[in-house]
Peer 1: 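Pasting in a structure now, in structure tokens, and then I'll have a few things to ask.
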Amino acid sequence: MKDIKIEKLIEWLGRKGAIAGLEASNITVSQLSELAGRQGLAVDRQSRRSEIIVDLVNGSVCRIDKTTEELMEMSHLDLKNYFSDRKVSRPELLRLLMELDTCPMPGSRRSLMDFAAREISDTGMYQRVARGNSHA
């Protein structure tokens, strides 16, 4: 099980094919969670097998091409538009929030993009104020 390379599956089968292949496999939820953990993905204990598979495949594709500092310079609305335009995956947003030591509340799963945009924008504003840069 530890020899599974999600990136290679995506390369061979495409994202939809990789998802279909993993769903048809006999890999357990526990094994999928372990694989996700090794890839730095946070898995919710309440996640269904299919959700973990989608997160694994989508989490292997990085769509955020800006640094955390660049993101923190953006407004809440600009961040939401950026995440939406880039089709940033849930696992990628969670990894970004983990970098900022921010953890979404369980109820914020539906609005994770909005939560991430608000938190990153606010954190950037606080950092600019702390540095004495008043164009917050």
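These values consider heavy atoms only, across backbone and side chains, with no hydrogens, waters or symmetry-generated copies.
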Peer 1: Rounded at 0.5 Å granularity, tell me how far CD1 in I64 sits from CG in L96.
Peer 2: 5.0 Å
Peer 1: Give me the atom names and distance for the closest heavy-atom approach of R128 to M72.
Peer 2: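 Minimum heavy-atom separation between R128 and M72: NH1-O, 2.7 Å.
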Peer 1: Evaluate S111 against D114 for side chain to side chain donor-acceptor pair (under 3.5 Å), listing each step before the verdict.
Peer 2: CA-CA 5 Å; S111 60; D114 187 54; 5.1 Å; no
Peer 1: Working to the nearest 0.5 Å, report the span between CD1 of I120 and CZ of R118.
Peer 2: 11.5 Å
Peer 1: Given side-chain contact (heavy atoms from CB on, under 4.5 Å), test L94 with L112 step by step and report yes or no.
Peer 2: CA-CA 8 Å; L94 289 171; L112 182 60; 4.0 Å; yes
Peer 1: So which atom in A116 and which in L97 form the shortest heavy-atom distance, rounded to 0.1 Å?
Peer 2: CA-CD2, 3.9 Å
Peer 1: So, do D65 and Y82 sit near enough that their side-chain heavy atoms are less than 4.5 Å apart?
Peer 2: yes
Peer 1: So how far is it from L22 CG to I6 CD1, rounded to the nearest 0.5 Å?
Peer 2: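 So the CG of L22 and the CD1 of I6 are separated by 5.0 Å.
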Peer 1: Rounded to the nearest 0.5 Å, what separation is found between the NE2 atom of H76 and the CG atom of N81?
Peer 2: 10.0 Å
Peer 1: Looking at R49 and I27, would you say the former's side chain and the latter's main chain have a donor-acceptor pair under 3.5 Å?
Peer 2: yes
Peer 1: Strictly below 4.0 Å, N to O, side chains only: are R131 and E73 in salt-bridge contact?
Peer 2: yes
Peer 1: Compare every heavy atom of L71 with every heavy atom of L79, then report the nearest pair and how far apart it is.
Peer 2: CD2-O, 3.5 Å
Peer 1: Hey, what do you get for OG1 (T28) to CD1 (I52), rounding to the nearest 0.5 Å?
Peer 2: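 One gets 9.0 Å once the value is rounded to the nearest 0.5 Å.
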Peer 1: At their closest point, which heavy atom of E119 faces which heavy atom of T102, and how far apart are they?
Peer 2: OE1-CG2, 3.6 Å
Peer 1: From L9 CG over to R15 CZ, what is the distance, rounded to the nearest 0.5 angstrom?
Peer 2: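 The CG atom of L9 sits 14.0 Å away from the CZ atom of R15.
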Peer 1: Heavy atoms only: give me the nearest N26-Q31 pair and the separation to one decimal.
Peer 2: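 Answer, listing the atom of N26 first, then Q31: O-OE1, 4.3 Å.
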Peer 1: Work out which heavy atom in S121 is nearest to a heavy atom in S75; give both atom names and the distance.
Peer 2: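 Nearest pair, atom of S121 first, then S75: OG-C, 3.8 Å.
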Peer 1: Check step by step if side-chain contact (heavy atoms from CB on, under 4.5 Å) holds for K66 and M74.
Peer 2: CA-CA 11 Å; K66 294 184 182 291; M74 298 170 73; 3.9 Å; yes
Peer 1: In this structure, would L93 and M98 fall into the same cluster of hydrophobic residues linked by side-chain contacts under 4.5 Å?
Peer 2: no
